Amino acid sequence: MRLGKGEVRTSRSLRNKAYQYLKRRFPEAVGESSWISENRTKFFGGSEGDDSAGYDFLVQTPTVDWMFEVKSTLEDGCEFELTSNELRIASSASRTGRRRYRILYVPHVFSPEKWCVFELPNPMDKETQAQFSVVGRGSLRLRFERR
């Protein structure tokens with residue numbers, strides 16, 4: 001599926017919202033280099049990002065490398081999809097190890113006045129996967145309840 005120009009701008013703006021969230025959460029660790037996906041060049045210029053990493057942001061603290069994937073939805077259905085690459089990376093990250101994977105969920109993609117960022121645990125971690133349920137077939141679509 002190809003996005004129109006307005007949809008691409010919205011996607012970039014959404015990821016910028018996620019970037020601002022991470023800057024507040026990790027003020028000492030988040031900078032331009034934390035944003036690794038291709039959308040980073042629209043805000044910072046410089047080298048092209050990498051959309052094949054399986055996550056949009058890498059935040060490196062002294063004890064943990066946090067990998068954040070941004071997911072958005074049209075409404076607030078508390079659902080998102082993971083690609084096979086995102087699943088592979090999420091599965092390889094451990095809740096107790098150095099590498100940790102999180103989802104930044106942003107509902108109401110086309111209503112910026114309603115945007116907010118929800119940080120969700122790794123849906124592939126054994127300790128947190130019970131918070132999600134698989135929905136549909138094909139790619140992995142997950143549902144969660146906000147707590």
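Since this is a predicted model, take the numbers as computed values, not measurements.
Rounding to the nearest 0.5 angstrom, the gap separating the CZ atom in Arg146 from the CZ atom in Phe144 is 6.0 Å. Here the straight-line distance linking atom CZ of Arg102 with atom CZ of Arg25 works out to 6.5 Å at 0.5 Å rounding. Here the straight-line distance linking atom CG of Leu74 with atom CD of Glu79 works out to 11.5 Å at 0.5 Å rounding. Rounding to the nearest 0.5 Å places CG of Leu58 at 8.5 Å from OG of Ser33. To the nearest 0.5 Å, atom CD1 of residue Ile103 and atom CG of residue Asn122 are 7.5 Å apart. Distance CG/Asn85 to CD/Glu69: 9.5 Å, rounded to 0.5 Å.
Between the side chain of Tyr55 and the backbone N or O of Val70 there is no donor-acceptor pair closer than 3.5 Å. With Ser92 contributing its side chain and Ile89 its backbone, the two residues share a donor-acceptor pair below 3.5 Å.
In terms of heavy atoms, Thr63 sits closest to Arg98 at C-NH1, 2.8 Å. Residue Tyr101 comes nearest to Gly54 through the heavy atom pair OH-O, 2.8 Å, listed as atom of the first residue, atom of the second, then distance. The two residues Ser52 and Asp50 make their nearest non-hydrogen contact at OG-OD1, 2.5 Å.
By the side chain to side chain donor-acceptor pair (under 3.5 Å) test, Gln131 pairs with no residue at all, sequence neighbours left out. Taking the side chain to side chain contact (heavy atoms under 4.5 Å, CB included) definition, one finds that Ser34 meets it with Val30, sequence neighbours left out.
Looking at Gln129 and Pro123, their side chains never come closer than 4.5 Å, going by heavy atoms from C-beta outward. Contact annotation: the side chain of Leu22 approaches that of Leu104 to within less than 4.5 Å [non-hydrogen atoms, C-beta and beyond].
Ring-plane geometry between Phe132 and Phe80 is classed as perpendicular, the angle between the planes exceeding 60 degrees on a 0 to 90 degree scale with a lower cut at 30.
Tested against Lys71 for a salt bridge (charged side-chain N to carboxylate O under 4.0 Å, His left out), the candidates Glu119, Glu86, Glu81 yield a single pass: Glu86. Under the ring-ring contact (aromatic ring centres under 6.0 Å, His included) rule, Phe57 has a single partner from Phe68, Phe26, Trp35, which is Trp35.
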Decide side-chain contact (heavy atoms from CB on, under 4.5 Å) for Val134 and Leu142; before the verdict, give the C-alpha distance in whole Å, the side-chain angles of both, and the deciding distance to 0.1 Å. CA-CA 5 Å; Val134 176; Leu142 299 164; 4.0 Å; yes
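Taking a cutoff of 4.0 Å between a charged side-chain nitrogen and a carboxylate oxygen, Arg99 and Asp65 do not qualify as a salt bridge.
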Under 3.5 Å, side-chain donor or acceptor atoms of residues 105-113 against the rest of the protein: list the pairs with distances, not counting sequence neighbours.
unit_1: Tyr105; atom_1: OH; unit_2: Thr73; atom_2: OG1; d: 3.0
unit_1: Tyr105; atom_1: OH; unit_2: Asp76; atom_2: OD1; d: 3.3
unit_1: Tyr105; atom_1: OH; unit_2: Cys78; atom_2: N; d: 3.0

